[in-house]
Amino acid sequence: MKTLYKALLVLGVIGLSIFSYLGYQSYRALTYMKHDMGWLWIDSQLISPDTTAMQSARTPHTKQLVFRQVDVDRELAIYLNTTYDGDFLFTFIKKTSCNLATPYEAKLTVNNQAEQQIVFDCHEPDTAIYRIAKRKFSQLHLTASDFDFELDLKQWNPKALKKDDFMQHNYEFFQKHTSEKIYPWNRD
């Protein structure tokens, strides 16, 4: 009986340790480059064993829906939202040494067009940013020296962003017909 209690205690400590580790890693991923937004996992609202899983949040002022994926270890955050005129905007933010003398470069392929060399903008000495907007993305591949991004349309779900924009534009109608919280369009 004494060994049973010890075994249960050991299993409990191991279980608590695993839960604590996953909770800490999830917290790191959800708070990395959060920009005053309350990020949540799209699939699981509490803890995700995959810290590069998709996250969503709403901007503080306009309540616009934004998706993102982060890689804390590579110091990379990728955001997707819609622009005022309905295009999709990918924003890549990389923490890395960046200046005019040593720009941060990558190779880009969009919508199966020819590969091109691109240069990230250096906003601070340690932050490189690249933005690309298109009406539609059928394919996007961005490769740098320390990361490789391949767009998975099922994972990023641009249709959900368009649907959210449509519901915001037609706020009064949707507010009457659903119990879900609908935010009015506030980007004019």
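On a predicted model such as this, the values are computed, not experimentally measured, just so you know. Numbers here are sequence positions counted from 1. Hydrogens, waters and symmetry mates play no part in the numbers below; they use all other heavy atoms, side chains included.
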With a 4.5 Å heavy-atom cut-off, do [X] and [Y] have their side chains touching?
X      : Y      : answer
Thr127 : Lys95  : yes
Arg58  : Met37  : no
Asn111 : Phe137 : yes
Tyr171 : Met167 : no
Thr91  : Ile129 : yes

**Asked** Given the rule in the salt bridge (Lys or Arg N to Asp or Glu O under 4.0 Å) test, do Arg28 and Asp73 qualify, once you have shown the distances and angles that lead to the verdict?
**Response** CA-CA 10 Å; Arg28 280 182 59 209; Asp73 296 330; 3.5 Å; yes

**Request:** Starting from the C-alpha separation in whole Å, work towards a yes-or-no answer on salt bridge (Lys or Arg N to Asp or Glu O under 4.0 Å) for Lys94 and Asp146.
**Result:** CA-CA 10 Å; Lys94 174 77 173 132; Asp146 54 353; 3.0 Å; yes

**Asked** Under 3.5 Å, is there a donor-acceptor pair between the Gln139 and Thr109 side chains?
**Response**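 No.
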
**Request:** Answer yes if the side chains of Asp148 and Thr143 hold a donor-acceptor pair under 3.5 Å, and no otherwise.
**Result:**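 A pair is found: one side chain offers a donor N or O, the other an acceptor, under 3.5 Å apart.
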
**Request:** Is it possible for you to check whether Lys176 lies under 6.0 Å from the centre of the six-membered ring of Phe174, through NZ or CZ, and within 45° of that ring's axis?
**Result:**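 Relative to the ring axis of Phe174, which defines the angle, Lys176 lies outside at least one limit.
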
**Message:** Check whether Phe88 forms a cation-pi arrangement with Lys162 (NZ or CZ under 6.0 Å from the six-membered ring centre, at most 45° off the ring normal).
**Reply:**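 Yes.
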
**Message:** The test is side chain to side chain donor-acceptor pair (under 3.5 Å); show your working for Thr82 and Gln64 and say whether it passes.
**Reply:** CA-CA 8 Å; Thr82 55; Gln64 179 186 14; 3.2 Å; yes

**Request:** Step through it carefully: locate the ring centre of Tyr79, locate the ring centre of Phe92, and say whether they are under 6.0 Å apart.
**Result:**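 Tyr79 vs Phe92: aromatic centres not under 6.0 Å.
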
**Trp41 and Met54: CA distance, side-chain angles, deciding distance, side-chain contact (heavy atoms from CB on, under 4.5 Å) verdict** = CA-CA 6 Å; Trp41 300 112; Met54 294 300 300; over 6 Å; no

